[in-house]
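Indexing begins at 1, ligand by ligand and atom by atom, following the structure's order. None of these values were measured; they are calculated from a predicted model.
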Amino acid sequence: MSTIDYSEKIPNNVNLGEDRALQRALEQWQPNFLNWWGDVGPEGSTDFEVYLRTAVSVDPQGWAQFGHTKMRDYRWGIFLNPGDAERKIHFGDHKGEKAWQDVPGEHRANLRRIIVTQGDTEPASVEQQRHLGLTCPSQYDLRNLFQVNVEEGRHLWAMVYLLHKHFGRDGREEAEALLERRSGDENNPRILGAFNEKTPDWLAFFMFTYFTDRDGKFQLCALAESAFDPLARTTKFMLTEEAHHMFVGESGVSRVIARTAQKMNELKTDDVGLLRAAGVIDLPTIQRYVNFHYSVTIDLFGADQSSNAAIFYSSGLKGRFEEGKRDDDHLLKGRTYKVIEAQGGQLVEKEVPMLNALNEVLRDDFIKDSVAGVGRWNKVLEKAGLPHRLAVPHKAFHRNIGALSGVKVSPDGRVVSEAEWQANVDQWLPSAADRAFVAGLMGRVVEPGKFANWIAPPVMGINRQPVDFDYVRFN
Ligand SMILES: [Fe+2]
Ligand SMILES: [Fe+2]
């Protein structure tokens, strides 16, 4: 009956071959996954052999095996970080009790919702990035795009494994629904807003992997603290892969800036028209892309005050970023946190119970982390001897969730009128003209070692291969 050789086709450390119920569930789900990948995964890539990293175990030697692999033969594995049989819950009302190996009945609905929401983002980003291979700026970048795509596919497997293993029939239905929703679909969209936005060009892709995959990092870090041990161990392993996605974003934007800075010096100008005529992306456009991706990403953390966030924490389902490193009581009852709201045309801070503000706490941790990388982008400008600097906009800018949704706020944090917003929005967010200009730069460059005009080559290749290595064989 079995059509899948589990140890071969699905590398795993969860004894897949010995769990009949799980096997049956996956045997039904796997062909649907492959159909989904064929329909809305990376366009035209089926026959490409790509220099990909495949995880075959969680130890340092096994989790990053590099080699040319046909995209459709990629082995999406299922891995949990090694467990600690004595692990204790270290926050919330169950603090000090043993971590759960199974789902407690009273937390079942909330845990399922958390896993489905996380799981939904993984295929969504693959769908959003589907067309980018057609306009890649180099083989190196094309390989990185595909690496991110296959690993997001693996992250979907990771969440589907939890659903199949621990949630019975409901879990199987949710696993099917994860393949049925579509990014941007009017009738059946992905769950979270940013995952229904388009990723129309490579600057958007780099911004997405820098900011939005970093949202993934913070969500996964919070879930890695979970009292539900299989979730904690799964997300810990996902984090090892996520680091590369953020690297792709940070280094990608950095290379765009480096190329622009080079042209600015060559032409001794910061004139947008002249730089665009020279085929590079002007800094004001890059800044508007930062403003857009930053603001839609910080919305992903949810409402600034949320009773669900309090329940998820107190019941041990979702911790804070680096929960174990914080020296408080890990219960947070009676503590407060500052959130922002608009009052009488001003942004004001307001103290609220911290338990209800845990989305905001995680958002602020994300902000600290993402600002650091923007500082590194500015170093590129500094090194080039240019006075220009990029910055993230104010936290209240362009928000669509929580108390700030609908309040018009400028990037520097002033509440503005609808008229002022309309008069300036094209300076603050990418305009149709910006998008059209960037789209016009996108053309496919695939000769080994060649790069599109608008982006600098990377400092080094992948896995110590040369920059002009044949990362993709097109067959
Ligand atoms: Fe992911
Ligand atoms: Fe990712």
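- Taking the six-membered ring where tryptophan is involved, the planes of F146 and F48 are tilted, since the angle between them lies from 30° to 60°.
- Distances from the Fe ion (ligand 2) show that E242 has an N/O/S atom below 2.8 Å.
- For residue E122, no N/O/S atom approaches the Fe ion (ligand 2) to within less than 2.8 Å.
- Within the cation-pi definition used here (under 6.0 Å to the ring centroid, within 45° of the axis), R214 qualifies as a partner of Y210.
- Checking H245 against the Fe ion (ligand 2), an N/O/S atom falls under the 2.8 Å cut-off.
- Ring orientation note: the planes of H164 and W29 are nearly perpendicular, at an angle over 60° on the 30°/60° scale.
- The Fe ion (ligand 1) has no N, O or S atom of D213 under 2.8 Å away, backbone or side chain.
- The Fe ion (ligand 2) has no N, O or S atom of E151 closer than 2.8 Å.
- Seen from the Fe ion (ligand 1), atom OE1 on E152 and atom ND1 on H155 lie at an angle near 100° (rounded to 10 degrees).
- Using a 3.5 Å distance cut-off with no hydrogens or angles, the side chains of N463 and Y51 do pair a donor with an acceptor.
- The aromatic rings of H330 and H90 sit parallel to each other, their planes meeting at less than 30°, with 60° as the upper class boundary.
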